[in-house]
Each structure stands twice: as structure tokens, then as C-alpha cells.
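Here the structure is laid out as C-alpha cells; the discussion comes afterwards.
Since we're looking at a predicted model, the values are computed, not measured.
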Number of protein chains: 2
Amino acid sequence: MSEIFRELTVDLGERSYPIIIGSGLLGSTDLSPYVAGSQVMIVTNDTVAPLYLDKIRNSFPGKQVDTVVLPDGEKFKDWQTLNQIFDALLEQRHSRKTTLVALGGGVIGDMAGFAAACYQRGVPFIQVPTTLLSQVDSSVGGKTGINHPLGKNMIGAFHQPQVVLIDTDTLQTLPPREVSAGLAEVIKYGLIRDTEFLAWLEDNMDALVGLEAGALAEAIYRSCACKAEVVALDEREGGLRAILNLGHTFGHAIETFAGYGTWLHGEAVGTGMLMAADLSVREGMISRTDYERTANLIIRAGLPRLPPETMVPDDFMRLMAVDKKNVDGQLRLVLLKAIGNAIVTAGASSGHLSGTLSSFCQEA
Amino acid sequence: MSEIFRELTVDLGERSYPIIIGSGLLGSTDLSPYVAGSQVMIVTNDTVAPLYLDKIRNSFPGKQVDTVVLPDGEKFKDWQTLNQIFDALLEQRHSRKTTLVALGGGVIGDMAGFAAACYQRGVPFIQVPTTLLSQVDSSVGGKTGINHPLGKNMIGAFHQPQVVLIDTDTLQTLPPREVSAGLAEVIKYGLIRDTEFLAWLEDNMDALVGLEAGALAEAIYRSCACKAEVVALDEREGGLRAILNLGHTFGHAIETFAGYGTWLHGEAVGTGMLMAADLSVREGMISRTDYERTANLIIRAGLPRLPPETMVPDDFMRLMAVDKKNVDGQLRLVLLKAIGNAIVTAGASSGHLSGTLSSFCQEA
């Protein structure tokens, strides 16, 4: 049985689109109204394909539906794998009226979205996220791209989907580690913009980790609503949108150091948010009690508190130097001015930053 | 001595930009007002670098100027070579406030422009075209991209430059074959939209082939004016813009068949325009006299009349099936309803198309 829990809109003028959240939606929702042409290319990976590919194939009555199945994992978020999508599109003679469908987690969404942004200079696409992380974060907002050996998400485009279809049932098959990774981004929304939601998370974290459907749907809805609001205010990250990167500068350094895919993105963001909260304490912005409150949520979500054992402060400094937020060589970080109020600043003292890095790096 | 011959604007609202045409401009024009940040990456190739790189390096006083020199040729318009630009940007720690500068012909412009469209999800860029073809066509209008083994320009983006700087002096060092290739696109503007310009070309073709500066500047100005007008009316090729592809569907098939770079793009377009004109005669749109008028200009410009000797009609049919203009498997072609009036149509009779292919293919 299918049931729509909530629907909301990302408000971007003529590029506005709906986010549909519910259970049993995969296979029972007709997505053909969102397809302008007659061709559809479903992009998925070899983990998700056996679970949901048949269901989604039935969502486009009357259309030519082709599929391309990529290997699963962040380490395949590269040009070689992206090119498999272009190969499939050209071999099946997809025109520039085709629509791509991303069925999978954040890696699939980023790659299918970027392929859609570039194929014949741009075709539409649909997001069908199947992991918690992609449902609450990466499927909304139009950021697409691939990694480069020298930096994560360094090559990409802003390209908004036609619709985001979130079926919460897919979370029931998700490994616990990936649930935790998704919860990192959920906690993020509370920390940067929504203290009420943060309190709700403190009350419901056990239900979320236990995959209770109602709690998950509510957390996804509130996360998407927060993200949609920020993206509508600043689509191309001229300013405000950068707060969505809380924990990501430290986190990307961890991911690059560990090798893409060794740490899950959300795990690295979890640790990164703790580091950002610690630096915010040193900068006199939040209290040690606020830090502990953050740490408690991170721990209850099952996320790691510390970066990889062998990582030293210099590793962070070197890897954070290529962050996209940096301007003219100046490191810019998202910090917490208060719980529920994130800011972007190039003004953090290097002494305080050293203090944070030393206290988190185990061999420092 | 530097002298600005003409300046015109591509009118795209907040993405409008100037095209500056003149002689002696390279090295004497301060381009720093067009650079928002403090970093500049000049992208060029190993043919153009010895001639003009030093001059253009001096055009950005007060900025950090880095360079990346790519191998010269259409066969390098691929992902591997594009990645050299990303490598250089990341190794030199260019932020998302950097500006890319394309110094070279169409391949450099397309690749630097696409790199700018994708680097950190989009940075600004400047076009400094040094070939006739890039000055009259590819540097204006924001089409960027690379080739795929299964089709030309299949991966790319619409990304408009900040300014186009055209120094006509660079044409004096251009090999005659490349002058001819550029003249193909010049003739195209007369054919699709400007009979007065076509008559001017008939009067001035010898001066153009002889590289007379005044004639070249005038031809470039009128070509850019025509392209700017079409692009302003239809930036993303929803309709009208497709007429700029006169001769390109046949031409791309020739380029792909011959192997990228064996035929110059303009050479293939020249032959392609003749084939389109021939088909237009068969469709009863233009007269055989109009065709001969077109053929005379193509021949006087030094362009080939026939496709590669070994190319058969089936090669055209197979290779044209992946053209970007096609919709739902239907071949769409740009034809001449009259001299000076091009249209896009899916309605050409297959019998007439066979007739054209048979008469141009030497082994048919």
C-alpha cells in the first residue's frame, strides 16, 4: 500500500520542483508526467538494482526505458564511471529530450545529475534517493558532480531535478552504518538553523536508529524543508547556502585522507561537525555544554567521534587548503555562533584551529 | 599599435558580454576589469603558446597568473586532456573565484569553457580566440564541451564568457587551410540569415583568402553580429539557434568518420553546407542556380566539395543518427528555404536524402 506522508516544494521560480515523501511509493507512483520526452535512462548501482530496479522501471508507462548499472561506492564517483552513463546514452541513441533517473544513494544522485547536466549540454533528471543521506540532503538542491584525486566534488554543476521521490520503505534495507551516516546530516539541520528540531531529535534519536517509520518520515520531512528553504534563498551558494557545509571542511579532509569510500561521507561529516563545534567553543561562540549536547547526539546516532588514527594536524591543513569555500587562499569554515545558528567565517584564529586539530588527532 | 575596429554586445540580460574586435589588442588590452577574483588560469596549446602566451600574460596586472599548455588538435578534445586543466587548477590551488582564459582556436575555447563550467561547479572565463573559425563562431554564444568516441560535442555545457577579445593580427600566422575552415562559418551566416552579407562575400572572397586586414575585420564583425543576434533570441537552442548548424549534421558525420582532426571542423561544415544546399534543391526550396552560387563561394574559399572518398551513404545515416538535434529518433536537418533563410526540419523526404548522399559519395 502506498501513502504520501508529506509533499513540499523547492521554490526556484521556473526551476521549482516537488519533493514527495511517503511509503510504498516506488512502483506505485506514475512518474511519466515528469518526463517531457519519450526516453528514460535509469542510472543505478549493483546494490540497489536487485532491490528496486524492476519497481521503478514500471513508473514510466509509454516511455522507452533503458538502464545503466554502475559499481557501488564513493570510489567509483569518478570520470571513468560517469562515462559509462554517457556510453549507455549514446549506444541507446538517447536524444537531448531524454530524462535521466537517479535510483540510489548520494553517489548515484551526484553522478546521474552531473551526467544530466552535461549530456548534450543538459537534459532533465529525476531523483529517487534510496539512502537516508541522499533523502535528507544530496537529492535536494541541485548540486551534482564527481571527485578528483586532489579533491572531493571538485568537478560538477548546479542542475536541479524535475522531482524528488522519497520512499521511506527503502530505509528498512539500509545497513546500520549508512543509517548513522544519514543521521549526521539530519543532526546538521538542527545545529545550523532549527533548535526546535534539535530538541525533537534528542527525544527521537532511538526511534530513528531503530528505523521507526513515522520518526524517519518526520525527520526526512523536516530536513528537506530546511534544505529547501536555504536553497531557495541562495541556490548557487553566494552566501547563506554555505552553512549547509557545517562539518564538511573537516569531513572532506577525512574522506580524502582515508581514501574515498573508506569513511562514509556522513561519518566524516559527523566527526567534522564535532570538530567545528569544538572550534566554536574555542572561539567563544558556544559553551562547552552546547558542545556536549552536540557530541551526545553524534554518539547516539552511532557516528565516530574521532578522525582516522593515523591522521595528523598537517594532514587536515593540507587537505582543507583546497576546499571550495576558500577564497584567495584563506580558509573559510562554518562555525556555530550559537546552537541553531551557523555562520561562515574566515576569521577563526589559527591558534584555536591548531588547538582543535591537536585535541582530535590521536597521534598529535 | 592597437586599434579597436568595432565592439558589440551579446545581449543576454545579466549574462550579457562584449565582443571587442581590433588589431594589436593582444598584450595592449587590460583584461583585469573582467576578472572578479585574484587568480587567472590561461589555457592554451603548444602551437599558440610560443606566439601569444607572453603577450596575454601581461593583460592581468595585479593578478596571480598561471598557465596550462595542452597538445594542439581536435583529437585532444577529450576527457583526458580536459583533466589536465583540472589538475593545473587544483595543483595551483585555484579557488572558485578564479577566472579561466581560453587562448587559442575552437578546441581550446570549447575545452577551457567546459572546464570553467564544471570547475567547482562553475567559474567565469574569458575567450581570446586566435583562429578565424573561433573568432567568427565558437567563441561567441557559450557552447562548450568535449567529444565522445560516439559523437562530437556530446558532453558539454552552456556557459557564457565574460568578454570575447578578438585580435585580427593573429590571423596573419594562420595556415591557409585554417583560414578556409573559418570562411566556411562566415559563408554560413550569409546563407542562413543575411543575403546582403552573402553578396559582400562574393565581392570580397579574394581579399579574405588573401588575409586583407580590413576585409577580415569586417567579415568577423558581421559574423559575430549575426551570431550574437541569434544567440540573444535563443540562448539554449530551443528553436531558432539550431539554424547555426547549417551543414553541421552532414559535417559532424564526416568529422567522426574521418577521425577527429583529420578533417578540420570548418572543412566538414563547408562540404556539409553543400550537401544541405543540394538537399534543399531536391526538396524544391532553392534553385540549382542558388546551389551553384553556394558552391562557388565554397570553392573560392578553398574548401573541399566532397566527403572522404571511402565514405558511403550508410556511413552518413549511421553517424547522423546520434545528432543532438534529433528528437525521438527522427533526423532533423537545417535546410535552406531560400538563400538567406534557413529552417530546421524533420520533414525532408528519405528519397531526396538518399539522392543527395548518392551524388556526394564517390563510391556509392
Side-chain angles (χ1 to χ4, degrees), chain A residues 36-39 63-64 78-80 82-83 85-98 110 114-115 117-123 142-159 236-238 242 318 321-332, chain B residues 36-39 63-64 78-80 82-83 85-98 110 114-115 117-123 142-159 236-238 242 318 321-332:
Chain A
S38 64
Q39 296 175 305
K63 309 288 182 183
Q64 172 195 334
D78 59 10
W79 174 262
Q80 285 72 23
L82 182 75
N83 210 32
I85 306 175
F86 297 131
D87 289 344
L89 287 164
L90 285 163
E91 280 159 11
Q92 307 297 326
R93 297 200 175 166
H94 280 244
S95 78
R96 67 180 164 197
K97 301 272 183 200
T98 189
D110 282 8
F114 186 44
C118 296
Y119 185 63
Q120 304 208 19
R121 301 201 184 91
V123 300
K143 280 194 180 179
T144 71
I146 56 173
N147 298 328
H148 183 282
L150 295 176
K152 195 173 147 70
N153 293 328
M154 280 293 161
I155 300 160
F158 286 96
H159 193 54
R236 294 206 155 222
E237 199 164 316
R318 176 174 52 84
V322 296
D323 190 83
K324 285 197 290 299
K325 284 185 296 303
N326 298 345
V327 178
D328 297 344
Q330 272 211 304
L331 186 64
R332 296 171 79 230
Chain B
S38 64
Q39 296 175 305
K63 307 289 182 184
Q64 172 195 333
D78 59 12
W79 174 263
Q80 285 72 22
L82 183 76
N83 211 31
I85 306 176
F86 297 132
D87 289 344
L89 286 163
L90 286 163
E91 280 160 10
Q92 307 297 325
R93 298 198 173 166
H94 280 244
S95 79
R96 67 177 162 200
K97 300 273 183 201
T98 191
D110 281 8
F114 186 44
C118 296
Y119 185 62
Q120 303 210 18
R121 299 198 188 91
V123 299
K143 281 194 180 177
T144 71
I146 56 174
N147 298 328
H148 184 282
L150 295 177
K152 194 173 149 69
N153 292 328
M154 280 293 162
I155 301 160
F158 286 96
H159 192 54
R236 294 206 157 225
E237 199 165 316
R318 174 174 54 85
V322 295
D323 189 82
K324 285 196 290 301
K325 285 184 297 300
N326 298 346
V327 177
D328 296 345
Q330 271 213 304
L331 186 64
R332 294 172 79 233

So, the part of A:Leu89 with a heavy atom under 4.5 Å from chain B: the answer is neither
Among B:Gly122, B:Ala321, B:Ala117, B:Pro149, the residue with the most heavy-atom pairs under 4.5 Å to chain A is B:Ala321
In terms of heavy-atom pairs under 4.5 Å with chain A, the winner among B:Arg93, B:Gln64, B:Lys143, B:Gln39 is B:Lys143
For chain A, which candidate among B:Ser95, B:Gly37, B:Gly156 shows the most heavy-atom pairs at distances under 4.5 Å?
B:Gly156
Return the orientation label for the A:His148 and B:Phe86 ring planes: parallel under 30°, perpendicular over 60°, tilted otherwise.
perpendicular
Output the option from A:Met154, A:Lys97, A:His94 having the highest count of non-hydrogen pairs under 4.5 Å with chain B.
A:Met154
Which pair of heavy atoms, one from B:Arg236 and one from A:Arg121, lies closest together, and at what distance?
NH1-O, 4.3 Å
Nearest heavy-atom approach of B:Asn83 to A:Ile155 is OD1-CD1, 4.3 Å
Residue part contacting chain B, namely of A:Thr98, when any heavy atom lies under 4.5 Å:
neither
Interface moiety of A:Glu91 toward chain B, non-hydrogen atoms closer than 4.5 Å:
both
